[in-house]
Amino acid sequence: MMMVLQPEGLGAGVGPFAVGGGGGEYMEQEEDWDRDLLLDPAWEKQQRKTFTAWCNSHLRKAGTQIENIEDDFRNGLKLMLLLEVISGERLPRPDKGKMRFHKIANVNKALDFIASKGVKLVSIGAEEIVDGNLKMTLGMIWTIILRFAIQDISVEETSAKEGLLLWCQRKTAPYRNVNVQNFHTSWKDGLALCALIHRHRPDLIDYAKLRKDDPIGNLNTAFEVAEKYLDIPKMLDAEDIVNTPKPDEKAVMTYVSCFYHAFAGAEQAETAANRICKVLAVNQENEKLMEEYEKLASELLEWIRRTVPWLENRVGEPSMSAMQRKLEDFRDYRRLHKPPRVQEKCQLEINFNTLQTKLRLSHRPAFMPSEGKLVSDIANAWRGLEQVEKGYEDWLLSEIRRLQRLQHLAEKFRQKASLHESWTRGKLDMLSQRDYESASLQEVRALLRRHEAFESDLAAHQDRVEHIAALAQELNELDYHEAASVNSRCQAICDQWDQLGTLTQKRRDALERMEKLLETIDQLQLEFARRAAPFNNWLDGAVEDLQDVWLVHSVEETQSLVTAHDQFKATLSEADRERGAILGIQSEIQKICQTYGLRPNITNPYINLTPQDINSKWDQVRKLVPSRDQTLQEELARQQVNERLRRQFAAQANAVGPWIQAKVEEVGRLAAGLIGSLEDQMAGLRQQEHNIINYKSNIDRLEGDHQLLQENLVFDNKHTVYSMEHIRVGWEQLLTSIARTINEVENQVLTRDAKGLSQEQLNEFRASFNHFDRKRNGRMEPDDFRACLISMGYDLVSVPQGEAEFARIMTMVDPNASGVVTFQAFIDFMTRETAETDTAEQVVASFKILAGDKNYITPEELRRELPAEQAEYCIRRMVAYKGSGAPVGALDYVAFSSALYGESDL
Amino acid sequence: MDSFKVVLEGPAPWGFRLQGGKDFNVPLSISRLTPGGKAAQAGVVVGDWVLSIDGENAGSLTHIEAQNKIRACGERLRLGLSRAQPAQSKPQKVGSGRAPGGGR
């Protein structure tokens, strides 16, 4: 009986009782089969052989055989037997009769059975079988083969024919020279079959020795090996297959299916054994894994148990370096020791998961680790470890930080304490000084300023002291190991600080008190200075004034000096009072100094004056007053004398002055010469001259008075407008005037005589002159003269000729450029103008006469005719005559003559 | 003062009257002209100062010396003259020497 073992657990794939689909295939095959049989009797032969062999291979198990396939199944008994054998099931009891209907009934039973197995039998009837229809019988046998040997084949979810084909392909795949594509031609060379056998039982065939060109040999080899070793009877004929172009598919399928069942079964047994081994192996493996897990878990837990206390240790080290080392150990732990354990834990988990998966996959119960080694236990333990670890790390860091901070604080404390101590060094001594006791106000103020600065400095340091104390406090709180020394130092600093504060305050008080005292003194000194200075000035002024030398010129002035002096004397008592007050201030200052034990002679910064100075000046003043009185009186007397002298002089001068004035006017009048002849003029003038000379004694007397005044240093005289100088000048002017006038008149006489002017002509000239002499001082100014000339007809208006002419004239009348035209010059000009051309010619004519009518003159002639002096003058001045016919030494008198007048016609 | 020269062709008379000289303390000048005379024709004018005679400076000559010099120029008389400014005695205005806007 062929049993198809199906492994459990395989899905509901294609099973032996596939519904529907299988049916469709059945139908097709039968139809093909119908057609095929009609076409190929070879097939019929093959099938007969093959099917017979196949049936026999099964019937053998029932102890029977068939010889003839169309006959031996006719009664249906062997058919039913066949079915029973191949299905493993009991069919209904066959009918024992020999009648036809018994046979039909039996065959029907067989057919029904076939049908009950899901096979649609179409066009196969029991009668045909009973009648021995070969075709029908073969078809029925094929249906049975198909259903019971092929239909149940399932290979990789492919079933029946395709399954079988697939199985053949899979099994022959390694064999290059085999290519199974179908169930006919692919098998012709026999290599496929050999390959199939070799695949499963390589010991049975030496496949390498097979040759493709020996199909019959190959086939027979296969048939024989199959029959001998695999219990598969020969069902095919080698020659049939080789000689038939396309072997019968069904026959081939039938034969090949036997191989399938042979090997697959063996395979399945092998697979089953393998599975059992695998399962057992899995079991073993699982057990090993479980053991491993347990072991690893124990180890890990043990390690954790060991490590945790180390991480829970919270005993600190005193020094930073020790703590650093601890930290390093921890780092090593984290970097070196823990990671492998992490790995282990990971591995443990993985192993656990793998194990569980494997168990689940193999439908084993899940792994339950032993107590305390559960995954959760491990996880918990691990978590605990990590927590403790974190805690430890945190603790390490905080400890280190604490130590660091302590170190830092300690250093800071030391530094700040040192700084503070150096700052305070010497300050206590400084504060205890008593340097203000002998200082001036300015110095005390400066000290106060400095003290202020110090106080603010002190205040600024308050923070620092507090900071130092805070540092000490913190060090204590943080449990610094040298806290004791820190505390003592801090205490020292604080005590000193208090002391500083006290002393500072004391010093401030002392300085302020001193300042006030000194200020008071200073104020007094200022007051002293304020009053003493002007008083001193007054004293100085008084001394100066009292010694003042005066220069007075009158009694009134002297009198006013006396009055001033009296006024001054009146102020003396008040001044004395002021003096007293000033000295009083000074004594008050002294009193304060004495009372408060200050330096007794503090110098007054505002004034260099001492009371001694004041007193001495005062004494001086007192002395000077009376002496001045005296001198003033003396002066007064003197002034009175002077006054007398003045009056004396004035009386005289007031007489002399007007007399002179009158005389000047008289002379002027005479000089104007409008009355009478020149001789009369002269007489008058001489008379005046006489008078004047006689008057001289008055002048002298006046001089005498004047001298007296001068001797007494009197330079002013309000009693007269005439000064001595005036009188003198007037006198001299008078004298000069009279002399000049006389001279002028004399000249006029000369001129008159020389020019032969009559008195009337002279008077005319005089009148003209006086008319243009606007100023009436006997002289004409250029403008006056110009007007005069113009009135006489001179054209002086046109410019520039007029100006040139006037200039020429001026040079003539005023050769010395005195700026005025005298009457004499005027007369000269007037007379000359009318006679000038003659004058030069007259002289020439005169010389000609002397020269005896020659154009030249000899020195001898000159000497002979002229006085010696004049002759020599001419000889010296004359130039040599340049004309012809003259002897040596002849002189040119013409040039000389014209040159005398400064004019030459050329 | 314009200075200019005249050249009079001789012979004498030249037609002018010479006035002045060092001995008279008056510069040499022309005091009269003969109308139509050689000097007048040459453009000489009454009042012209004589600066040079025949090229020589006339400022230091006495009247006689100047006279003789002129007489010595026979055929040709060269005179350096200057047109006169009006009256010497009038003070000359000192130009416009005042600085604008300044001066005390």
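None of these values were measured; they are calculated from a predicted model. Per chain, numbering begins at 1; letters A, B, ... match sequence-line order.
One distance of note links CZ of R71(B) with OG of S904(A); it measures 6.5 Å at 0.5 Å rounding.
Neither the backbone nor the side chain of D814(A) comes within contact range of chain B, judged by heavy atoms closer than 4.5 Å. For F24(B), the part lying under 4.5 angstrom from a heavy atom of chain A is the side chain only. Heavy atoms of L18(B) lying under 4.5 Å from chain A belong to its backbone as well as its side chain. With a 4.5 angstrom heavy-atom cutoff, S31(B) touches chain A via backbone and side-chain atoms both.
Contacts with chain A were tallied for D23(B), N68(B), L28(B), V26(B); N68(B) has the most, counting heavy-atom pairs under 4.5 Å.
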Q67(B) vs L906(A), side chain to side chain contact (heavy atoms under 4.5 Å, CB included): CA-CA, chis, key distance, verdict: CA-CA 8 Å; Q67(B) 191 190 71; L906(A) 298 160; 4.1 Å; yes

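K69(B) NZ: 12 or fewer foreign heavy atoms inside a 6.0 Å radius.
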